[in-house]
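The sequence lines fix the lettering, A, B, ..., with proteins before strands; numbering per chain opens at 1. Values reported hereafter were calculated over all heavy atoms of this structure, with side chains retained and with hydrogens, waters and symmetry mates removed.
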Amino acid sequence: MKTRILPYRLNIFLIMTICVLVFIALNIGPVPLVMSTAIENNWRGLDSIESLILFDIRLPRTLLAIIVGGTLGMAGAALQGLLRNPLAGPGLVGVSNCAALGAVIALYFGLQSFVWFAIPALGMLGAGISVLLIFALAGANSSITTLILAGVAVNAVASSLISLALNFAPNPYAMSEMVFWLLGSLSNRSMADVTLALPFIIVGWILILLSGRFLDALTLGEDTAKSLGFNVSNYRALLVVGIALAVGAAVSVSGNIGFVGLVVPHLLRPLLGYQPGKLLFSSALGGAILVLLADITVQLSSPNQELKLGVVTALVGGPFFLFLIIKTRNSLQ
Amino acid sequence: MTLCAQNISCQIAGKMILSGCEMSLCSGEMIGMIGPNGAGKSSFIKILAGINIPDTGKVFLDEQPLLKKSPKQLAKIIAYLAQGATTHWPLSVRKLVELGRLPHQNPWGALARYDQTIIDDAMAQAEVTELADRIITTLSGGEKLRALIARLFATQPEIILADEPIAALDPYHQLHTMELFRQHCDCGGSAVVVLHDLDMAARFCDRLLLMNEGRCLYSDTPKNVLTKENLREVYHIDASIQETPEGLHVAPAQRLINRP
């Protein structure tokens, strides 16, 4: 295939793109900013408006774009590899919606005014519960179909509870807060959000990346993967827990950002010769690029922060995905 | 190395799939596993490969219980070719053959030059070198199977367990595939091959294992297993069996309507 390129070259190209986007993201905003002044002030230990804007507003936002995008991209690639189905996405195992439910509960009771980390903490709690539920429903040694059906069921329950919370919202303000949070955004996040979510996300990434070879072997089916020395049920559990940890923590700080995990692996897969293991890291980079791009678009198109990031990814991702399906429908059975 | 199964029994959803199955395989030996549909051949070979665990009975590898070995160690010794030979992503043939090196690799390490040489050899052996850059899902059945056999050889296993490898192939590719397995056994390896083609089984295998309804009924030389009486009993067919210069030839004549 002519379009195949060496994975490390693709990764270098993606990383360079991320660097450029990070530079752009740090330079845009309602206030014009000279970066060198901000860095210099911070270096000298001076508190200035410039360093405050750069390090407390723009940097966390940019970092979160990379972390959240990377997580969604990698989780999408991992799930598609695990299910051997290019239409799977991180939302499928029900983790995103459970994380969202946790955050919505925090907003419903206004917990964030008592403890600042109420939203991400409850979000991660929700994600954790969803994993336990899925495993309890499906059993540890069950087939992947049961696992997914359990995920779909958990997803449905979480959605209905979110609707319930919206229905009985104590006041219009809480309701609009919940709705806006659900739309997904990276604005007004602090470094504390990053440090809260990052440990879980990193553990999740490691668990997912450890399964790269297993996903490669799974190309030949579960029995053959077993005969190649992989304990299929262990690796499956490893992957589901890794995805849940990373996606749960990411969604807890950002809200729902759709289509990234679905579209990014799709785009990169042909470039990597369809190797599911190699796709994991590249998809993380691709996801980071997509979310950075979307967030830059959000900031440029509506500086007063009316447009939500999740809306942009869905607006672009939905039709794009449709286009992909039409283009590849002959190869899909 | 010897692979030896003792008194294997296995139930799935209350139905007895295997009961009291025995088998032993020595180095250099090629065993053909034959029997009608639903006889338990696939279940038995998966247990031999350590993929499924039997309810009772044990499989031994050189007198050591099979499951004492770690999955990685086992994967270096026993290679398994699944029925139907499905591949889920359109990998290139070379990438597919590289998967055979997985038992020898750590989670993140790249393939060493040593591995690349082994992959080249495996591809040459299965005659898929020219197909290296082709996409596996675009290949014909015979080409695809050869790529998967190259994947088996890339693992450098001692024991090959293949589930109906030649079922979908034309005579040329059937011969080629059987020759590849025979070659492996003549070089000191061993193989168990599930077959429906009795002629091929008789011609290439040292021994045949005739299974029926979850039991291993006969295990002997092709000539002693493929008898009119056995074919009647197990397959419920009347067949004429002829000695030809190429080997035994089984020509099914008619079904026995009144099953015993």
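- Here the NE2-CG distance, from B/His104 to A/Leu228, works out to 9.5 Å after rounding to the nearest 0.5 Å.
- For A/Arg84 and B/Trp89, the positive end is not near the middle of the six-membered ring at less than 6.0 Å and at most 45° from its axis.
- Looking at B/Arg151, only its side chain comes within 4.5 Å of chain A, counting heavy atoms on both sides.
- Closest of all the heavy-atom pairs between A/Gly273 and B/Leu91 is O-CD2, 3.3 Å.
- The nearest pair of heavy atoms linking A/Leu218 to B/His88 is O-CD2, 3.7 Å.
- Atom CD1 of B/Ile136 is separated from atom OH of A/Tyr274 by 14.5 Å, given to the nearest 0.5 angstrom.
- Scanning both residues, A/Gly229 and B/Ala75, for their nearest heavy atoms gives N-CB, 3.4 Å.
- Annotation: B/Leu111, atom CG; neighbour count of heavy atoms from other residues, nucleotides and ligands within 6.0 Å is above 12.
- For NZ of B/Lys76, the number of neighbouring non-hydrogen atoms (other residues, nucleotides, ligands) closer than 6.0 Å is greater than 12.
- Neither the backbone nor the side chain of B/Leu81 comes within contact range of chain A; no heavy atoms are under 4.5 Å apart.
- We find the NZ-CG distance between A/Lys226 and B/Leu74 to be 12.0 Å, quoted to the nearest 0.5 Å.
- In this structure the side chain of A/Thr224 never reaches within 4.5 angstrom of the side chain of B/Leu99, judged on heavy atoms.
- Both tests hold for B/Lys72 against A/Phe230: distance to the six-membered ring centre under 6.0 Å, angle to the ring axis within 45°.
- Contact tally against chain A (heavy-atom pairs below 4.5 Å) for B/Pro157, B/Ala82, B/Pro103, B/Gly100: the top residue is B/Pro103.
- More than 12 heavy atoms of other residues, nucleotides or ligands sit less than 6.0 Å from atom CD of A/Glu222.
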Query - Chi angles and distances behind the side chain to side chain contact (heavy atoms under 4.5 Å, CB included) call for B/Thr86, A/Leu220 - result: CA-CA 6 Å; B/Thr86 41; A/Leu220 297 168; over 6 Å; no

